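For reference, the structure discussed in these notes is given below.
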2 protein chains.
Amino acid sequence: MSDFLSVDAFRDALHAIGARQYHDLHPFHQLLHGGGLKKGQIQAWALNRFYYQVSIPRKDLTIMARMDDPALRRAWMQRVLDHDGLTQTGALDETKVGGIERWLRLTDGLGLDRDYVRSLDGLLPATRYAVDAYVNFVRDHSLLEAVASSLTELFAPAIHRERIAGFEQNYAFANDSTLSYFRKRLDEAPRDVEFGLNYVLTNARTAEQQQQCLRALRFKTELLWAQLDALHHAYVTPNLIPPGAFVPDDMTPTEYRR
Amino acid sequence: MSDFLSVDAFRDALHAIGARQYHDLHPFHQLLHGGGLKKGQIQAWALNRFYYQVSIPRKDLTIMARMDDPALRRAWMQRVLDHDGLTQTGALDETKVGGIERWLRLTDGLGLDRDYVRSLDGLLPATRYAVDAYVNFVRDHSLLEAVASSLTELFAPAIHRERIAGFEQNYAFANDSTLSYFRKRLDEAPRDVEFGLNYVLTNARTAEQQQQCLRALRFKTELLWAQLDALHHAYVTPNLIPPGAFVPDDMTPTEYRR
């Protein structure tokens with residue numbers, strides 16, 4: 001059994017998980033940000049990551065459905081609004097456009113058809129499993145663990161800044177429209193994570209609860225990582241696209257023979 | 001909307017899914033059966049596949065919990081008994097030893113510690129997501145779809161025969177003990193699938209139900225495939241082992257640096 005950690009030691013232990021296994025370390029992201037990917041590979045990333053984006057509100061609503069405290073629900077609701085938006089597509093007030101619409105601007109800019117992206121038809125099955133594992137986790141674990149799993153936002157601003165700079169430097173598709181999701185998250189994530197971190201530091205009152213929170217955050221880093229493993233396997237090395245998954249125009253489908 | 005298929009056309013459509021995307025086509029299996037893997041890679045496969053083996057009874061019990069008909073439950077119960085066994089480890093009646101124990105004889109023969117295998121500590125996260133997706137599927141879909149998802153057993157005897165022959169020809173660890181799981185499945189799977197196939201052919205009474213069954217079987221082939229994608233990515237090419245996952249003695253942990 002682990003000892004109960006001081007607040008500072010507990011916070012450090014949460015940060016150490018990011019240092020060890022946040023997905024900015026993944027070779028796929030290093031290729032993506034460093035200009036090492038072809039357009040079709042970036043399309044595959046954006047298409048698969050869309051399923052994560054549309055599932056985040058399902059995840060947050062699942063968490064909220066388990067909260068007894070209206071004040072807590074109100075604080076958490078902002079996340080859902082950030083993703084779903086406060087307005088329809090094409091409305092005049094740009095600040096009210098949600099994260100999912102902003103992500104579709106990225107897939108637009110990459111030349112993907114919106115109906116195809118929304119259909120989820122070309123997803124890697126492994127993307128679906130990893131994302132669904134997140135939604136299921138917050139349903140099946142304690143509220144404290146569900147909140148702790150969101151703390152990858154501690155590490156997100158750095159990767160968003162790196163991504164914006166890398167895209168602007170390396171890719172012709174980078175512009176205000178395609179980068180709008182990441183720029184907006186630079187404002188939102190620090191606000192969200194301050195709330196979540198305070199909640200976890202305050203409500204993990206036993207050594208066991210602290211360990212549960214650390215495992216929950218590690219679980220979350222694993223599912224982000226697993227999504228990139230699947231993309232890397234299918235679209236980079238060894239470039240084996242599973243039967244039925246998206247095939248970019250600049251690649252040929254993998255033929256599997258007995 | 002698809003047309004209603006004759007029994008023969010429906011059966012052919014089910015078989016066509018196996019021809020297109022059953023995991024015998026996956027390069028990892030071709031390496032495994034052809035003698036192309038090192039011991040550590042085979043350990044990684046057996047270790048990860050153990051989670052599938054121990055989860056199959058959870059899947060079958062989830063299906064059974066949804067059956068109204070005791071006769072149907074009795075027929076399905078045999079699957080659980082096949083995996084869990086009718087006796088404790090080390091009992092005299094060898095025929096009563098279950099599939100999970102037989103799988104542990106394989107991991108024994110590969111030099112893996114049983115407690116480590118059972119702990120699930122070294123699993124690839126993607127293995128867990130794919131296997132859990134199967135258990136969740138049979139909980140969340142119709143009983144007909146749950147039964148249809150089991151029909152990969154149509155394609156299993158061929159891969160088991162190929163595996164037994166390939167192991168015997170290529171690997172020193174192949175013997176009666178390590179191969180006992182696969183030999184037993186050669187008897188069990190055809191019996192199971194005959195029941196499941198009859199159930200599906202009889203109970204898919206509309207074109208929509210037939211399409212649901214085809215999607216369920218495709219879903220199942222995808223999750224078998226995704227497990228091999230994850231193994232191939234981590235332990236073959238590009239051989240990037242996710243942080244925290246099993247590292248065979250004959251490999252070094254992957255170092256990830258910012």
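Residue numbers begin at 1 in each chain, while the letters A, B, ... track the order of the sequences. None of these values were measured; they are calculated from a predicted model.
From A:L37, atom CG reaches atom CG of A:L31 across 5.0 Å, with rounding to the nearest 0.5 Å. To the nearest 0.5 Å, atoms CD1 (B:I42) and CG (B:L231) are separated by 12.0 Å. Distance check: B:L123 CG to B:L120 CG gives 5.0 Å after rounding to the nearest 0.5 Å. Distance check: A:C213 SG to A:L144 CG gives 3.5 Å after rounding to the nearest 0.5 Å.
Of all heavy-atom pairs spanning A:G196 and A:V147, the tightest one is O-CG1, 3.8 Å.
Taking 4.5 Å as the limit, some side-chain heavy atom of A:L154 sits within range of a side-chain heavy atom of A:L151. B:L14 has its side chain within reach of B:L197: a pair of non-hydrogen atoms, C-beta onward, lies under 4.5 Å apart.
In this structure, no portion of B:L228 lies under 4.5 Å from any heavy atom of chain A. For chain A, the nearby parts of B:A130 are the backbone and the side chain; heavy atoms of each come within less than 4.5 Å.
Note on B:A19, B:A226, B:P238, B:A245: by heavy-atom pairs under 4.5 Å with chain A, the leading option is B:P238. Your options are B:A133, B:A230, B:A126, B:P27, and the one with the most heavy-atom pairs under 4.5 Å with chain A is B:P27. Heavy-atom pairs under 4.5 Å with chain A were tallied for B:L124, B:L25, B:L223; the largest tally goes to B:L25.
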Could you list every donor-acceptor pair linking chain B to chain A (distance under 3.5 Å, backbone and side chains)?
residue : atom : partner : partner atom : Å
B:G18   : O    : A:R258  : NH2          : 2.9
B:A19   : O    : A:R258  : NH1          : 3.3
B:D24   : OD1  : A:R258  : NH2          : 3.2
B:D24   : OD2  : A:R258  : NE           : 2.6
B:D24   : OD2  : A:R258  : NH2          : 3.4
B:Q30   : NE2  : A:R257  : O            : 2.8
B:Y129  : OH   : A:L223  : N            : 3.2
B:L223  : N    : A:Y129  : OH           : 3.2
B:D229  : OD1  : A:H233  : NE2          : 3.0
B:H233  : NE2  : A:D229  : OD1          : 3.0
B:R257  : O    : A:Q30   : NE2          : 2.8
B:R258  : NE   : A:D24   : OD2          : 2.6
B:R258  : NH1  : A:A19   : O            : 3.3
B:R258  : NH2  : A:G18   : O            : 2.9
B:R258  : NH2  : A:D24   : OD1          : 3.1
B:R258  : NH2  : A:D24   : OD2          : 3.4

Passes side chain to side chain contact (heavy atoms under 4.5 Å, CB included), B:F246 versus B:I241? Steps please. CA-CA 8 Å; B:F246 171 64; B:I241 303 174; over 6 Å; no

